[in-house]
Amino acid sequence: MRTLSAQAKAESLIEALPWLTRFHGATVVIKYGGNAMTDESLKSGFAEDVVFLQHAGLRPVVVHGGGPQISSALARLGIESTFTAGLRVTTPEAMEVVRMVLVGQVNRDIVGLVNRHGPFAVGMSGEDAHLFTAVRKHAIVDGEPVDIGQVGEIIKVDPGAVGALIDNGRIPIVSSVARGDDGEIYNVNADTAAAALAVALEAQKLIVLTDVEGLYANWPDDTDVIDQLSAGELETLMPTLSSGMVPKMEACLTAVQGGVPQAHVLDGRVPHSLLLEIFTNEGIGTMVMPG
């Protein structure tokens, strides 16, 4: 029995070899969110995966949001959470909480988990070194723009500080808060931020962790996951997607149209989904390719 299980492990390691060769030195941007971010065992598993990527010669960068954590902090403080067209209405009072939770709590937690394995993770906000510059984004309701407060749309990425950290063997952990040229602070969608950063860093891959297996071919009638599709095919599908999947698939589309060779949506509820995607022949989830 021992020989068989050892043999299986050896086969797994050898299966990883072509992928290790292919992605050695590659920058991989990972959007971290959903259950993988709230379940304790998945959280520590994610940190292990990211450190494994680092040791395997890849250059991981993590971008995170923190919707559930923001909602619970606002509720605790008695600040009402309202959503318009799927976007959180962010008053100056709410923005203070968003910034505090994303930069001071969620970011610190991820940095702490990764750094149990060594001095790798460095926390950053999109405000640091002008990483993300944003303008106010309006929600569109019945064809009309509606002001939803300090919600931003990224117009410029300056990845210099992130690049310097990667070159120094560190793992940047980036929270999705942006600055405006007017000094305003903005809450930006973490999927969008991850895509913008992947393009700016000329990453080899964007990986978006989510709470579904991937993109379903014909939801809700069946649960067949599309394992691969082109940017053109995805554009055609976009109007039919559920609202939760839209920002994730838009992020994949933005990335591959911006020069990133591969973008993936993965089920973050599967332990070690990152490693399964990158280092096995089957992979999991949905991959978007240019074209």
Side-chain angles (χ1 to χ4, degrees), residues 28-55 59-77 79 81 88 90 92-132 134 150-152 154 157-166 168-179 185-194 196-197 201 207-211 268 271 274:
V28 180
V29 176
I30 304 150
K31 155 55 191 352
Y32 179 46
N35 271 339
M37 201 178 198
T38 48
D39 175 287
E40 289 305 319
S41 67
L42 290 172
K43 276 163 69 170
S44 55
F46 173 79
E48 286 169 349
D49 288 3
V50 170
V51 173
F52 186 98
L53 295 182
Q54 178 80 359
H55 282 310
R59 295 150 54 102
V61 177
V62 176
V63 178
H64 69 87
Q69 293 93 330
I70 291 167
S71 295
S72 68
L74 289 169
R76 268 201 317 276
L77 294 165
I79 300 168
S81 264
R88 187 190 300 274
T90 309
E93 184 186 27
M95 187 63 220
E96 278 186 20
V97 178
V98 169
R99 192 188 199 184
M100 181 176 72
V101 170
L102 289 182
V103 181
Q105 178 194 333
V106 179
N107 191 276
R108 292 295 95 208
D109 287 349
I110 303 166
V111 167
L113 284 167
V114 171
N115 285 347
R116 283 180 188 171
H117 304 278
F120 300 114
V122 177
M124 288 181 72
S125 148
E127 298 166 65
D128 293 336
H130 290 192
L131 176 55
F132 297 137
Q150 285 167 254
V151 175
I154 295 172
V157 181
D158 181 344
V162 173
L165 285 170
I166 300 171
N168 191 26
R170 310 295 174 189
I171 302 172
I173 312 287
V174 181
S175 55
S176 56
V177 178
R179 62 177 287 279
I185 305 302
Y186 293 106
N187 182 11
V188 294
N189 177 291
D191 300 314
T192 316
L197 185 54
L201 287 170
I207 296 176
V208 180
L209 291 182
T210 179
D211 284 344
L274 273 179

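What you see is a predicted model; the values in this text were computed from it and never measured.
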Are Leu131 and Val157 close enough, and set up right, to give a side-chain contact (heavy atoms from CB on, under 4.5 Å), and what steps lead you there?
CA-CA 5 Å; Leu131 176 55; Val157 181; 4.2 Å; yes

I want to check something: taking the side chain as every heavy atom from C-beta on, are [X] and [Y] in contact at a cut-off of under 4.5 Å?
X      : Y      : value
Arg76  : Ser72  : yes
Ile110 : Met37  : yes
His117 : Phe52  : no
Leu113 : Arg116 : yes
Met124 : Leu165 : yes
Thr90  : Tyr186 : no
His64  : Ser175 : yes

Is a side-chain donor or acceptor of [X] paired with a backbone partner of [Y] at a separation under 3.5 angstrom?
X      : Y      : value
Arg99  : Gly104 : no
Asp158 : Gly160 : yes
Gln150 : Ile185 : yes

Indicate whether the side chain of Ser71 and that of Arg88 have a donor and an acceptor atom separated by less than 3.5 Å.
yes

What distance separates Met100 CE from Leu77 CG, expressed to the nearest 0.5 Å?
6.0 Å

One should read off an interatomic distance between Leu42 CG and Asp49 CG, to the nearest 0.5 angstrom, of 10.0 Å

For Ile30 and Leu53, what are the C-alpha separation, side-chain angles and deciding distance, and is it a side-chain contact (heavy atoms from CB on, under 4.5 Å)?
CA-CA 11 Å; Ile30 304 150; Leu53 295 182; 4.0 Å; yes

Determine, stepwise, if the pair Val174 / Phe132 fulfils side-chain contact (heavy atoms from CB on, under 4.5 Å).
CA-CA 10 Å; Val174 181; Phe132 297 137; 3.9 Å; yes

Work out which heavy atom in [X] is nearest to a heavy atom in [Y]; give both atom names and the distance.
X      : Y      : result
Val97  : Ala73  : CG1-CB, 3.8 Å
Ala178 : Val188 : CB-CG1, 3.8 Å
Val162 : Pro172 : CG1-CG, 3.8 Å
Leu201 : Pro159 : CD2-CB, 3.7 Å
Leu102 : Gly66  : CD2-N, 3.6 Å
Ile154 : Ala193 : CD1-CA, 3.6 Å

side-chain contact (heavy atoms from CB on, under 4.5 Å) for Lys31 and Thr210? Distances and angles first, verdict last.
CA-CA 9 Å; Lys31 155 55 191 352; Thr210 179; over 6 Å; no

Contacts of Thr38 that satisfy side chain to side chain contact (heavy atoms under 4.5 Å, CB included) - sequence neighbours left out
Asn35, Gln69

Where does the angle between the aromatic ring planes of Phe120 and His55 fall among parallel (under 30°), tilted (30 to 60°) and perpendicular (over 60°)?
perpendicular

Tell me, yes or no, whether the heavy-atom count around Gln105 atom CD, taken from other residues, nucleotides or ligands under 6.0 Å, exceeds 12.
yes

